[in-house]
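Input: a single structure, listed below in structure tokens.
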Amino acid sequence: MTRPFARLVAVTATVTLAIAAAGCSSGTSGGSATTSSLSVGFVAEPANLDFTSTDGAAIPQALLVNIYEGLVKLDQDGKIVPLLAESWDVSPDRKTYTFHLRDNVTFTNGKKFTADDVVFSINRVKTDWKVSLKSAMDVVANVEKKDDTTAVVTLTKPNNSWLYKMTTRIGAMFSRDGVADLANKPVGTGPYKLESWRRGDAITYVANENYWGTKPKVGKVVLKYFKDATALNNALLTGGIDIISTVQAPESIQQFSDTSKYEVIEGTTTGEVLLSFNNSKAPLNDKRVRQAIRYAIDHKALLDTAWAGRGQLIGSMVPPTDSWYEDLTNLYPHDPAKAKELLAQAGQSNLKLRMRIPNLPYAVASAQVVKSQLAAVGITVDIEPLEFPARWLDVVFKQADYDMSIINHVEPRDITAVFGNKDYYLRYNNPKVQELFAKADAGTEDEQVAAMKEAARIISEDAAGDFLFLFPNLIVAKKGMTGLPKNLVSESFDLSVLSPSEG
């Protein structure tokens, strides 16, 4: 979730793609696309195509890098690299960024991309965006055009996270003439453009014939969405799709054990599956109750049962790919006796809690295990699945009408958004943590790492939430597919680098 809300969700939608000439989205102009097709499977269809006004991970996953591009992006190693900006300079006081833009870029509406669009896009985040992620742009004091290919951004203070956040959806560049109907008609500079959307079924992309960079390897893309893991798996088994972008039933992997037909890619993501607590209301405003829940959960058993042991236990909101990662799994070892003791101290007997979760496979499976384990210490859990994204976003994320939830916060480096904003749906308000986040942003690299580590430890010790596991990147594809990412380091699923076997 994140930044507004966690890139929430492990998604899987079918994508029918047509093959294009070789290359990647950040190269120079290449050959034209061919007409062969691929299919990729996803779940959690976007509610609409406007991530400036609608939270959730499904929209940027489908659109970012594919249709919308930013000045910078993350490479497979999580490093910030050029995209629409060929390069950039940072002033000695670390407050001024001068971006040198590519001069051969056009939007799919035919308008040329210039520094005017940079000024428009950054300012629009501050004035028109509705999602909470927009706050990442508050540190911008001014953005101005120096000339058509040079844009200068001045911050109010040094901020270590700002450029990184520009690799996320808030850094997307929009045409000044292309924002009239963002929910249905996205206009970007990316390798693809929208052809059609059959709601509840499929989104179709076609290659952008005027793309500034190397043409995508797939010329036509149909993102077709499945509502359950069985349908998704069957689509690959019967040849209806070529790729399952995120496996939704890890225990079913054996169905794809024939290595002459299929290949399995397994790596990591930045998605922390969080057992969310409503920290602002009884009984979870009592730290002892939150701690009791953490002690009551056997995380290894949960991972083995709910997600077939796929994933990683980390004990915090920081994945191992971040430089301030620290293994905090031992802070709350499984200790039912300790859990009961804390509940007694808090005066909580026969405690009943509402767990309102998205109707997504990982959340449903994890919730059943949590319910069983909490019952063992005297806590009764009422599980209520909510349609995702619309109902969950409204009831849990916007209204905070819940006791506990389970959501995969998929956006990179989202700990500050989740636990640094007292108005976020967890309603966690710790001035010391907020102070450490500010210190991390303004300090040197070493100071940033130290402050972020301290904040992550405080959050975990405070039992602000329970960190169930790090969501795995688990992809299954037909044999011979290339371009599949081993690790997911950003919010987007880059379709342009996918290519089927020549055979």
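Nothing fancy with the numbering, it's 1 onward along the sequence.
Ion pairing of Glu266 with Arg310 is present here, as a side-chain N (NZ or NE/NH1/NH2) and a carboxylate O approach within less than 4.0 Å.
With sequence neighbours left out, Gln448 forms a side chain to side chain contact (heavy atoms under 4.5 Å, CB included) with Asn160, Trp324, Ala440, Met452. Listed by chain and residue number, Asn159, Asp441 satisfy the side-chain hydrogen bond (donor to acceptor under 3.5 Å, both in side chains) test with Ser161 (two or more places apart in sequence, or in another chain).
A donor atom on one side chain and an acceptor atom on the other are found under 3.5 Å apart for Asn278 and Ser280. Ser135 and Asp138 share no side-chain donor-acceptor pair at under 3.5 Å. For the residue pair Gln434 / Asn421, no side-chain donor-acceptor distance below 3.5 Å is found, with atom types taken as modelled.
Partner Phe467 forms a side-chain contact (heavy atoms from CB on, under 4.5 Å) with one of Leu328, Leu275, Ile459, Thr329 and no other, that one being Ile459. Checking each of Leu470, Val273, Thr246 against Asn408 for a side-chain contact (heavy atoms from CB on, under 4.5 Å) leaves exactly one that passes, namely Val273.
Residues Ile379 and Leu343 are in side-chain contact: their nearest non-hydrogen atoms beyond the backbone lie under 4.5 Å apart.
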Name each donor-acceptor pair under 3.5 Å that joins a side chain in residues 395-403 to protein atoms two or more places apart or in another chain, with its distance.
| from | atom 1 | to | atom 2 | distance (Å) |
| --- | --- | --- | --- | --- |
| Gln399 | NE2 | Asp394 | OD1 | 3.2 |
| Gln399 | NE2 | Asp394 | OD2 | 3.3 |
| Asp401 | OD1 | Arg354 | NH1 | 3.3 |
| Asp401 | OD1 | Arg354 | NH2 | 2.8 |
| Asp401 | OD2 | Arg356 | NH1 | 3.2 |
| Tyr402 | OH | Phe277 | O | 3.3 |
| Tyr402 | OH | Tyr425 | O | 3.0 |
| Asp403 | OD2 | Arg354 | N | 2.8 |

Inset, instruction - Tell me, with the steps shown, if Arg294 and Ser460 meet side chain to side chain donor-acceptor pair (under 3.5 Å). - result: CA-CA 10 Å; Arg294 294 204 69 187; Ser460 191; 3.0 Å; yes
Quick one: do Asp494 and Ser492 satisfy side chain to side chain donor-acceptor pair (under 3.5 Å)? Show the steps, please. CA-CA 6 Å; Asp494 189 349; Ser492 59; over 6 Å; no
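Ring centroid separation for the pair Phe51 and Tyr68 comes in under the 6.0 Å cut-off.
Atom NZ of Lys478 has more than 12 heavy atoms from other residues, nucleotides or ligands within 6.0 Å.
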